[in-house]
Amino acid sequence: MTTLGTRAPFITFEGGEGAGKTTQIRRLKARLEGLALACHLTREPGGTPGAELIRELILDGQRPPLDALTETLLFYAARANHLVDGIRPALLRGEWVLCDRFSDSTRVYQGVLGAVPRDTLELLEALVVAETKPDLTIILDIPTDIGIERATARRGAHHADRFESETHEFHEKLRQGFLELAREHPQRISVVSALGDEASVEFEIWKRVCERFSLPREKDV
Ligand code: TYD
C-alpha cells in the first residue's frame, strides 16, 4: 500500500470540456486493477443515490438557471452526501477512490465563473470536505479551441454552432481558472496535456500516479 496512513488514496480528475476526463479515469482504474488494487470510480455531482437526486436538480436544463450561491450550496449538499455515503466508506474499505470532478470544479465554475467569493467556498469546503482532501488531482488541459472542437464532434453537428459561438470565452476562463489553481497547489495538482492520443495521455497520467504513490511500473518499461 501507500504511505498515506489508514485510508486508501483519493484521486480527482478535473478540467474543461473535450479533454477526455471520463475516458482517462476509466483507463486509470484499469491500470490500478491490473496491479490488483481495488478502485471505487465515481463522479460529481452525484456518485450516491442522494447526490444523484441533487445532480438532477442542478443539471436539469429545462428549469431556469439558479443563482450561483444557490447552485454552490446544492453542489456542496451533493458533495456532503457523496462523502458520507460513498467516498469515505470506500477509502476506509481500502479502495482507491477515483472521482470525476470534485471541489476544484466548484472553485472554477462557481468561484471564477459564477463570482462566488472565495471565503464562502472555503467555509463550505471546511464544513463538508474537512480532512477528506484529494491526495492527487489530475487536471487534463487542452487548448480551448481544440477542446471545443472535440466536444462539438462528440455532441454532433446539431449543437455545434451554438456551442462554438456562445461559449468560447467561458471555456477559456475555465481553462485559465484550472491552470491558476494548479499554480496555487503544486503539491497536489498535476497538469497533464490532453493533446496526445488516448494511449499517450493514459501513459502520462499513469507515470504521475506511479511517481506520487510509489507504484511499480515494470509493465510499461
Ligand atoms: P457532466 O455532464 O458530468 O460534465 P463533464 O463531462 O464535463 O464532467 O456535468 C457536470 C457539470 O457540472 C459540468 O459542466 C461541470 C459542472 N460542475 C460545477 O459547475 N460545479 C461543481 O462543483 C461540479 C462538481 C461540476
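- Formation of a donor-acceptor pair under 3.5 Å by the T120 side chain with backbone atoms of V116 is not found in this model.
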Q.
Let's go through L174 and V112 carefully: what are the C-alpha distance in whole Å and the side-chain angles of both, what is the deciding distance for side chain to side chain contact (heavy atoms under 4.5 Å, CB included) to 0.1 Å, and is it a yes or a no?
A. CA-CA 8 Å; L174 205 56; V112 177; over 6 Å; no
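- Between F13 and the choices D104, T22, L98, L28, the side-chain contact (heavy atoms from CB on, under 4.5 Å) rule is met once, by L28.
- For F10 and W96, the ring centers sit 6.0 Å or farther from each other.
- Look at D135 and R188 and you find no salt bridge, because none of the NZ, NE, NH1 or NH2 atoms lies under 4.0 Å from a carboxylate O.
- Between the side chain of T152 and the backbone N or O of I148 there is at least one donor-acceptor pair closer than 3.5 Å.
- The line from SG of C39 to CD1 of I11 is 8.0 Å long, rounded to the nearest 0.5 Å.
- Counted by atom type alone, H82 and E44 present one or more donor-acceptor pairs between their side chains at under 3.5 Å.
- Remark: E122 does not engage R107 in a salt bridge, criterion side-chain N to carboxylate O under 4.0 Å.
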Q | Working for side chain to side chain contact (heavy atoms under 4.5 Å, CB included), residues L121 and T106 | A | CA-CA 8 Å; L121 296 181; T106 322; 4.1 Å; yes
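- No hydrogens or angles considered: a donor-acceptor pair under 3.5 Å links the side chains of T48 and N81.
- Interatomic distance, CD1 of I25 versus CD1 of I205, reported as 9.0 Å (0.5 Å rounding).
- In this structure, D145 does not pair ionically with R150, as no charged nitrogen and carboxylate oxygen lie closer than 4.0 Å.
- The CG atom of L92 lies 12.0 Å from the CD1 atom of I87; values are rounded to the nearest 0.5 Å.
- The cluster map of Ile, Leu, Val, Met, Phe, Trp and Tyr, joined by side-chain heavy atoms under 4.5 Å apart, puts L41 and L136 in the same cluster.
- Checked for salt-bridge contact, E211 and R208 miss the test: no charged N lies under 4.0 Å from a carboxylate O.
- Applying the side-chain hydrogen bond (donor to acceptor under 3.5 Å, both in side chains) criterion to T23, with sequence neighbours excluded, gives no partner residue.
- Here E198 pairs with R27 under the salt bridge (charged side-chain N to carboxylate O under 4.0 Å, His left out) rule; sequence neighbours left out.
- Residues A182 and I139 come closest through the heavy atom pair CB-CD1, 4.3 Å.
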Q. Stepwise, does the side chain to side chain contact (heavy atoms under 4.5 Å, CB included) test hold for H40 with C99?
A. CA-CA 8 Å; H40 179 78; C99 191; over 6 Å; no
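- Distance check, rounded to the nearest 0.5 Å: NZ of K207 to CD of E202 gives 14.0 Å.
- Closest approach of A51 and A78 over heavy atoms only: CB-O, 3.4 Å.
- Here the side chain of R79 pairs no donor or acceptor atom with the backbone of G46 at under 3.5 angstrom.
- Side-chain atoms of R55 come within 3.5 Å of backbone N or O of P45 as a donor-acceptor pair.
- Put simply, the side chain of R31 never gets that close to the backbone of W206: no donor and acceptor are under 3.5 Å apart.
- No hydrogens or angles considered: nothing links the side chains of T137 and E14 as a donor-acceptor pair under 3.5 Å.
- Salt bridge annotation for R63-E71: absent, with no cationic side-chain nitrogen under 4.0 angstrom from a carboxylate oxygen.
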Q) Would Q176 and E172 count as a side chain to side chain donor-acceptor pair (under 3.5 Å) if you check the C-alpha gap in whole Å, the side-chain angles of each, and the deciding distance to 0.1 Å? A) CA-CA 6 Å; Q176 294 310 326; E172 181 59 28; 2.9 Å; yes
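- With hydrogens and angles left out, the side-chain atoms of R101 and T12 include no donor and acceptor closer than 3.5 Å.
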Q | Evaluation steps, side chain to side chain contact (heavy atoms under 4.5 Å, CB included), between L66 and I58 | A | CA-CA 8 Å; L66 295 163; I58 305 173; 5.6 Å; no
